[in-house]
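Have a look at the structure below, then the notes.
Numbers restart at 1 for each chain; the letters A, B, ... are given by sequence-line order, proteins then strands.
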Amino acid sequence: MAKPPVLTPQSDDFPRWYQDVVAKAEMADNGPVRGTMVIRPYGYSIWEQMQADVDRRIKKAGAKNAYFPLFIPESYLKREAEHVEGFSPELAVVTVAGGKTLEEPVVVRPTSETVIGEFMAKWVQSYRDLPLLLNQWANVVRWELRPRIFLRTSEFLWQEGHTAHASQEDGRLYAERILHDVYETFMRNVLAIPVVVGRKTVKERFAGATNTMTCEAMMGDGKALQMGTSHELGQNFAKAFDIQYLDSDGAQQHAWTTSWGVSTRMVGGLIMCHGDDAGLRIPPVLAPVQVVVLAVRDDDAVIERCRALAEELADADIRVELDVRTETSMGRRATDWELKGIPVRLELGPRDLTEGVVTLVHRVGGLKEPVALSGIVASVTEALATAQAALLAEATTRRDTHTVDVATITEATEAASTGWARIPWATLGLEGEAELAKSGVTVRCLVMPDGSLPASDSADGALAIVSRAY
RNA sequence: CGGGGAAUGGCGCAGCUUGGUAGCGCGCCUGCUUUGGGAGCAGGAGGCCGGGAGUUCGAAUCUCCCUUCCCCGACCA
């Protein structure tokens, strides 16, 4: 009798598959409070890898890390009208603390523009203080109506960058720099996710921003996921929080601010972009464990050789884990590592040992090949590079084959049942956008035909990428 | 907030119609045999059946109230 599949097949029920993987790969559990999640060690190690890489890139772009408080005076949120309107339904508010009703309720931050704006106002006096480039790694809370683990949780982890500039131009360039040099590059080169970078429509724009830019990724089922955003906030927050500086001519000026962030949602995106019916497939550059060395049998010589092998790989700076839990069957362990998406598995048994080889199993593609024990570092290095490239190629092919050019709203809706549609923004317009929304289809972003960012909300020739989204 | 479901060992479920204080699969523990793709057999541990009130000799099961969760929709950076 055939064994039932380890996971619900993607083609049967994609959301169910996603839930299954999250549980069986030991990524996360639901928390006790609705919408919260417990990130398990394996899931957290993936987040830590993301964090480390993104943090390095942010610092390279000149921003410095700081930390602002979790609690924000409710009055701060109210200072920027559009901002408070955008958030009020999803705010968690503390009204009682220390056994007493608070004079002024405090809000658990949904994002930190307001509190950071308040302090920027204190720190910025002169044009010489600009640009002020800050970033923080923090948790934020948004009481979402429909949570989904990693994709939309009531509390999530992220990095939020906040900057103040002397001119609109400088702010815009910095927001774009973060979008391209930090987010897009990281997603493509590390996550192996070929995101489309574009400009949000007015409807989809962040509350309080003058321009919202986004990285949109296509998931395995053809739906879109916003993986990161970068906002130009204009002078909205500078005016609300009085961030002013004296320019070189001695005149008071309001600063121009930006904000930008990526979150634990990326973990969900990674799962849904690369996962298959056997589980996760983690791109090697990101993978907390790149190689697992697996002892096939309980045999002293085998286990000893496995240890030596793992050590040799670790010495070559390959992230390796040793699995000599021979009390568990070989098949079970192989399945479990596959679920976790470890890119390369080295299986070593008595047979391999006598032949001086080890069986190298590729998670991407599934190929199994005997490779010489002597040149193992080179073989593994090559296998990792191949897997990284293959994942990006696969995701790129899917994105491209599931994106079609259309001319009408009806065609766009149709195309959105299996992927993305590209339609001239001039054809669609605000009414078309509203029309699509009725069937659950949204404009993910606007892009120019050459892939660059539209310079305005109504840039000539801009194309709308429309699809269903998570 | 509207519509639909559900709450029973860690997880997934059956039992309820026709009341007699729980059962299955997976997981877990012990032992033996196994181990090259989710091991097998044997023996175990583990549940005041979401909460409260009521009917009854007796309630997982019937009645009423409450709470929570899930799905669809509205909402969402």
Ionic contact status for [Y] with [X], cut-off 4.0 Å:
X	Y	value
A:Glu80	A:Lys239	no
A:Glu311	A:Arg307	no
A:Lys59	A:Asp55	yes
A:Glu216	A:Arg399	no

Students often get this wrong, so: under 4.0 angstrom with heavy atoms, is [X] touching a base, only sugar-phosphate, or nothing?
X	answer
A:Val361	base
A:Glu327	nothing
A:Arg325	nothing
A:Thr359	base
A:Trp260	nothing
A:Thr212	nothing
A:Thr328	base
A:Asp352	base

### Message
With a 4.0 Å cutoff (strictly under), does any side-chain N or O of A:Arg351 reach OP1 or OP2 of B:G36?
### Response
no
Can you tell me how far [atom2] of [N] sits from [atom1] of [X], to the nearest Å?
X	N	atom1	atom2	value
A:Asp298	B:U34	CG	P	12 Å
A:Ile303	B:U35	CD1	C1'	12 Å
A:Glu90	B:C75	CD	P	13 Å
A:Arg152	B:C71	CZ	P	12 Å
A:Leu7	B:G12	CG	P	16 Å
A:Arg332	B:U34	CZ	P	21 Å
A:Asp336	B:A39	CG	C1'	14 Å
A:Lys203	B:A74	NZ	P	10 Å

key: Nearest-0.5 Å distance that lies between atom CD1 in A:Ile116 and atom NE2 in A:His162   =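 Those atoms lie 3.5 Å apart.
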If I pick the [atom1] atom on [M] and the same atom on [N], what distance separates them, to the nearest angstrom?
N	M	atom1	answer
B:G50	B:U8	C1'	10 Å
B:G43	B:U56	C1'	41 Å
B:A39	B:G27	P	9 Å
B:U18	B:C62	P	9 Å
B:C57	B:A45	P	36 Å
B:G20	B:G2	C1'	43 Å
B:C71	B:C28	C1'	31 Å
B:A59	B:G73	C1'	38 Å

Closest non-hydrogen atoms of A:Leu179 and A:Cys215, given as atom of the first, atom of the second and distance, are CD1-SG, 3.9 Å
Mind checking who [N] pairs with, Watson-Crick or G-U wobble, both distances under 3.5 Å?
N	value
B:G73	B:C1
B:C28	B:G44
B:A53	B:U63
B:A39	B:U33

Of A:Arg148 and A:Gly366, whose closest RNA chain B nucleotide lies nearer the 5' terminus?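 Closest to the 5' end, via its nearest nucleotide, is A:Gly366.
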Q: Return the 5'-most residue of the pair A:Glu204, A:Gly440 with respect to RNA chain B, ranking by each residue's nearest nucleotide.
A: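 Nearest-nucleotide comparison on RNA chain B picks A:Gly440.
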> Does A:Arg345 get its side chain close enough to the base of B:G37, under 3.5 Å, for a donor-acceptor pair?
Replying inline: yes
Taking donor-acceptor contacts at under 3.5 Å, does the side chain of A:Lys368 reach the base of B:G36?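 Under the 3.5 Å cut-off, the side chain and the base do not form any donor-acceptor pair.
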Item to complete: Is it possible for you to check whether A:Arg148 lies under 6.0 Å from the centre of the six-membered ring of A:Phe150, through NZ or CZ, and within 45° of that ring's axis?
Response: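 Judged by the rule, A:Arg148 and A:Phe150 form no cation-pi pair.
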Where the side chain of [X] is defined as all heavy atoms beyond and including C-beta, which of [options] is the nearest nucleotide?
X	options	value
A:Val6	B:G38, B:U35, B:G37	B:G38
A:Pro350	B:G36, B:A39, B:G37	B:G36
A:Lys24	B:G38, B:C76, B:U35	B:G38

Side-chain touch A:Leu270/A:Ile46, heavy atoms, less than 4.5 angstrom:
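Result yes, sub-4.5 Å side-chain heavy-atom pair found.
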